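Here the structure comes first, spelled out in structure tokens, and everything after it is commentary.
Just so you know, these numbers use all the heavy atoms, side chains as well, and skip hydrogens, waters and symmetry mates. Below, chains carry the letters A, B, ... as their sequence lines are ordered, and counting in each starts from 1. Since the structure is predicted, the reported quantities are computational estimates derived from the model, not experimental observations.
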Amino acid sequence: MKKEDTVKLISAEGFEFVVDKEAAMVSQTIHNMLTSPGSFAERQHGEVTFPEISTTILEKICQYFYWHLQFASGKETEFPIEPELTLELMMAANYLHT
Amino acid sequence: MSTQKKRAFQIEAFKHRVVVDPKYAEKTWKVLEHAIHEIYNHNASGLSFEELYRNAYNMVLHKFGEKLYTGLVTTMTAHLKEISQSIESAQGEIFLDELNRKWVDHNKALQMIRDILMYMDRTFIPSNHKTPVHELGLNLWRDVVIHSSKTQARLLDTLLELVLRERNGEVINRGLMRNIIKMLMDLGLPVYQHDFEKHFLDVSANFYCCESQKFIETCDCGDYLKKAERRLNEELERVSHYLDPRSESKITNVVEKEMIESHMHTLVHMENSGLVSMLVDDKYEDLQRMYNLFRRVTAGLTIVKEVMTSFIRDTGKQLIMDPERLRDPVDFVQRLLDLKDKYDKVITMSFNNDKTFQNALNSSFEYFINLNARSPEFISLFVDDKLRRGLKGVGEEDVEIVLDKVMMLFRYLQEKDVFEKYYKQHLAKRLLSGKTISDDAERSLIVKLKTECGYQFTSKLEGMFTDMKTSHDTMQGFYAGQGTELGDGPTLSVQVLTTGSWPTQPSPPCNLPSEILGVCDRFRTYYLGTHNGRRLSWQTNMGTADLKATFGKGQKHELNVSTYQMCVLMLFNNVEQLTCKEIEQATAIPMSDLRRCLQSLACVKGKNVLRKEPMSKDIAEDDAFFFNDKFTSKFFKVKIGTVVAQRESEPENLETRQRVEEDRKPQIEAAIVRIMKSRRTLDHNNIVAEVTKQLQSRFLPNPVVIKKRIESLIEREFLERDKVDRKLYRYLA
């Protein structure tokens, strides 16, 4: 996979998730981050650090990105969410505009 | 996530950061403000989007949205003021370049700022009814940069000057123009309209007003139209290159108004180059240009149409009233057809086959053709000429074309019954003299007349054809039965004509030579033997005969002559010399006919089988005639035509008129009765109107005549006047 096609998402704890740009852009915030005309640091390095999102949540988010790409149109399957993650996930979703 | 629905909830700050720092907002804003400066300075690469976004996000979440927003407005305004100054200080040519560059920069910065502040755009702005960031940026640009006192006027002037320079043939930077105009459009339609379009249109109107004035004084109509067309295309091109498409109709309107509408009359009536001379000189391209341009303005085509109509009417009137033309009916009709062809061509080639123009053309023709009461006669003569000889060697399709054209003229006639009358006469002559060339063409024309005017119109004409056919059969029967008994005598060919179908003038039969009389009597017996209860009378004024004659030096000729001429010539079998008077007594031919017949026998060069003394053109009663022994001709067959008055002479014309009037009477009466039968009561004016309408396809009845017919019907007790209202008629029976 080419480096240009992927983006590295880094959690508060420093875990790095390498995902397809296409998937990451499911988030409107990340989309703007990577497409905004004057190249910001994130766009140049291909990395985004989220100091306020924990690894667990970010992992879940990455899963959601791919789930969304695959099923968004049909919505036949449910995206599994553990109840204990719900609140944090919702807040992250608001932040990422997903 | 599947939590989308719940997003509407107000969510507590992410990661319950405890905001104890009262300067938190201030600090965060500083970070953002710095970022905005950096962005405007093209220094964004060092910034972390995530950090800025998070800061803005947190500010909004912590209820500092208002501060963020006002801060943004202030900072952006400050930057724009700087920009504005730098633009204002740009000298001359580079002004627009600078403006455009700054605009591009601003747009880019604005987009970045919007992205960073996306969270505010999403939540704070809609709930507080503020202007979204992007729009805010545009508004600020408009107010600070474009509407700054110095820039506003300068921008407009620069743009208009560029347009003017382009109009004067210079090449300008269209790309730059397009960008600037696009900027105005992006700032909102009102900005474009108010800051540019309005002035642009005013200036253009002025420009074209002056230019058209100049052109109209120096150019002829064709050149002027070419120039106007070019200008129009230029403006269209301009719009497509760098103006808003919505301006297209406005600017073309300006050009149309200034270049065309205000000079319409001058152009059309321009001497030596206006519409009339274009028509005369067949300038199809110029005409087409005129049509296309004038179509754009209201009343433009009406003027063209009116001028064309009056011109056609004048030309037609001249043609119709020209006494020179009236001498040769065939040429006269041919000229009419040519005229019609010409304008048909103009309309198809230049006027886009416009229906209104076709109608105008038709009404003009109808107008002037009916100015001349002899038009029906002439048209019939034209057909006669074509069917007699004109169509020789012409293909079937061409015949159809000629006939169709004739029908077209026929349609214009108001007095179709007059045409019928003449047509019948001419057809009778053609049929009886066997001169018709193509039976198909004859029939085809009759079919056309039938479709045009109905069965009634042609029934008699068709009867004539039937008579010809039955006569042919009768003759065959006659010869089959008696062939042997007739021996060497002259061959007789009889056409039995139904009275009524044929336009026969009652004329006393002349004295036929005894040779013929015998055969005639045989035929009479034969015919009456096969058909009971019929009466035969000989129409000697209509027949023809072939004679074999031997002249002085023994040369033989076959003479093709009319029955009258035959009777005269037969007299010379026995005597040498006869005076006109004697001939009249011997043959009982009416004097006027005899004169014509003698004239053709004695006075036409190359066909003078008789010799006349004295040698003058006119025939007097005492003139003496001799058999011309010295007659020579290089042809074996000599055809001696009667000096026919091809056109009717005045008294004949009057007579025909009278007969037509007579024939109209029963038709008018029938129409009145038909109308009254269904209406029962009707007042005078309405009757006249309805009768006119009913008879329109045949002729235009005169109201006075209608009145007389009504009176006659009252006398005969078909109608009565109402006892109270004398204007009202009642149908009786």
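Nearest heavy-atom pair, Met33(A) versus Phe49(B), reported as atom, atom and distance to 0.1 Å: CG-CD2, 2.7 Å. Heavy-atom minimum distance, Tyr95(A) versus Tyr53(B): O-OH, 2.7 Å.
At most 12 heavy atoms of other shown residues, nucleotides or ligands fall within 6.0 angstrom of atom NE2 in His194(B). The neighbour count for Lys182(B) NZ, taken as heavy atoms of other residues, nucleotides or ligands under 6.0 Å away, does not exceed 12. Open room surrounds CD on Glu22(A); 12 or fewer heavy atoms of other groups in view lie less than 6.0 Å from it.
A 4.5 Å side-chain heavy-atom check between Pro51(A) and Arg54(B) finds at least one atom pair inside the cut-off. Residues Arg122(B) and Asn94(A) have side chains in contact (heavy-atom distance under 4.5 Å, counting atoms from C-beta outward).
Note that the CG atom of Asn32(A) and the CD1 atom of Ile116(B) stand 10.5 Å from one another [nearest 0.5 Å]. Interatomic distance, Glu52(A) CD to Asn58(B) CG, rounded to the nearest 0.5 Å: 5.5 Å. With rounding to the nearest 0.5 angstrom, the OG atom of Ser48(B) is 10.5 Å from the NE2 atom of His45(A). Atom CD in Glu50(B) sits 12.5 Å away from atom CD in Glu47(A) (nearest 0.5 Å).
Both the backbone and the side chain of Phe50(A) come within contact range of chain B, with heavy atoms under 4.5 Å apart.
Judged purely by atom type and a 3.5 angstrom limit, Tyr119(B) has no side-chain atom pairing as donor or acceptor with the backbone of Thr29(A).
In terms of the side chain to side chain donor-acceptor pair (under 3.5 Å) criterion, His134(B) has no residue partners (sequence neighbours excluded).
Heavy-atom pairs under 4.5 Å with chain B were tallied for Leu96(A), Val48(A), Thr49(A); the largest tally goes to Thr49(A).
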